[in-house]
Amino acid sequence: GAVVSQHPSRVICKSGTSVKIECRSLDFQATTMFWYRQFPKQSLMLMATSNEGSKATYEQGVEKDKFLINHASLTLSTLTVTSAHPEDSSFYICSAGASGRANEQFFGPGTRLTVL
Amino acid sequence: AQSVTQLDSHVSVSEGTPVLLRCNYSSSYSPSLFWYVQHPNKGLQLLLKYTSAATLVKGINGFEAEFKKSETSFHLTKPSAHMSDAAEYFCVVSDSWGTYKYIFGTGTRLKVLA
């Protein structure tokens, strides 16, 4: 149980376009979801925390207008990278917290974004 | 405030020899501690977790870790390394009950030599 999926697994886009990444909890309700960014050979950096039906809480230094997060249901959160540029190329990973499994996050497989 | 320190950025071992990946934490409250493994271009896989039950935690693939409060440590061990263990390992602390927020270590890259 506690499976999280991400779609797409890989995306290549042109500079200036927007890209949407979906994160779904497949067999549980995710009251809280997290979005991370990971640069090559580095640890995960938390970008934002979202609770269903509420606005996301962004970490310091993360541009809210560039990385739009929506958590419209208990099983789906989306990250939209707006007006993407090459420096936005990265590995994006989502995770979810399940009610009753306090303090544990369940991770998606990640999305590799390449901006040309 | 909580924090976690992985003492080695790289560890190399020969196949069949023991593995030790070190992790120290700092927490104001009773922490939950996790070890995750990440293979190249993959997501994170949970190896094991400590959530205030037994201090010696057994995980998947023969890994285990011991929670030592007096030393604020949660080192990951395996008796015999396998080539497939080569990956990045992250130690994580979470001690804000109900918020699920994780603090990640910087990671340890394990290399297994044939």
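Every chain is numbered from 1 and lettered A, B, ... according to where its sequence line falls, protein lines coming before strand lines.
Within the 4.5 Å cutoff, no side-chain heavy atoms of B:L44 are placed close to those of A:Q105. Using a 4.5 Å heavy-atom threshold, the side chains of B:Q38 and A:F91 count as touching.
Of the listed residues (B:K42, B:E88, B:R109, B:Q6), the one with the most heavy-atom contacts under 4.5 Å to chain A is B:K42.
No single ILVMFWY cluster, assembled from side-chain heavy atoms under 4.5 Å apart, contains both A:L44 and A:Y92. Cluster membership check: A:V81 shares its hydrophobic cluster with A:V11, using side-chain heavy-atom separations under 4.5 Å among Ile, Leu, Val, Met, Phe, Trp and Tyr. Cluster membership for A:W35 and A:V62, using ILVMFWY side-chain heavy atoms within less than 4.5 angstrom, is shared. Clustering ILVMFWY residues whenever any of their side-chain heavy atoms sit less than 4.5 angstrom apart, transitively, puts A:M47 in a cluster other than the one holding A:V4. Residues B:F63 and B:V11 share a hydrophobic cluster, clusters being chains of Ile/Leu/Val/Met/Phe/Trp/Tyr side chains in contact below 4.5 Å.
Heavy atoms closer than 4.5 Å to chain B are found in the side chain of A:T31, but not in its backbone. Neither the backbone nor the side chain of A:Q6 comes within contact range of chain B, judged by heavy atoms closer than 4.5 Å. For B:I103, no part sits under 4.5 Å from any heavy atom of chain A, backbone or side chain.
For A:F34 and B:Y102, the ring centers are positioned 6.0 Å apart or more.
To the nearest 0.5 Å, atom CZ of residue B:F90 and atom CD of residue A:Q38 are 5.0 Å apart. The CD atom of A:E104 lies 8.5 Å from the OG1 atom of B:T51; values are rounded to the nearest 0.5 Å.
Atom NZ of A:K66 is surrounded by more than 12 heavy atoms from other residues, nucleotides or ligands within 6.0 Å. The number of heavy-atom neighbours closer than 6.0 Å to NE2 of A:H7, taken from other residues, nucleotides and ligands shown, is 12 or below.
A distance-only check finds no donor-acceptor pair linking the side chain of A:S43 to the backbone of B:G107 [under 3.5 Å].
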Audit row: B:K101, A:L46, side chain to side chain contact (heavy atoms under 4.5 Å, CB included) steps and yes/no: CA-CA 9 Å; B:K101 197 166 183 178; A:L46 179 64; 3.4 Å; yes
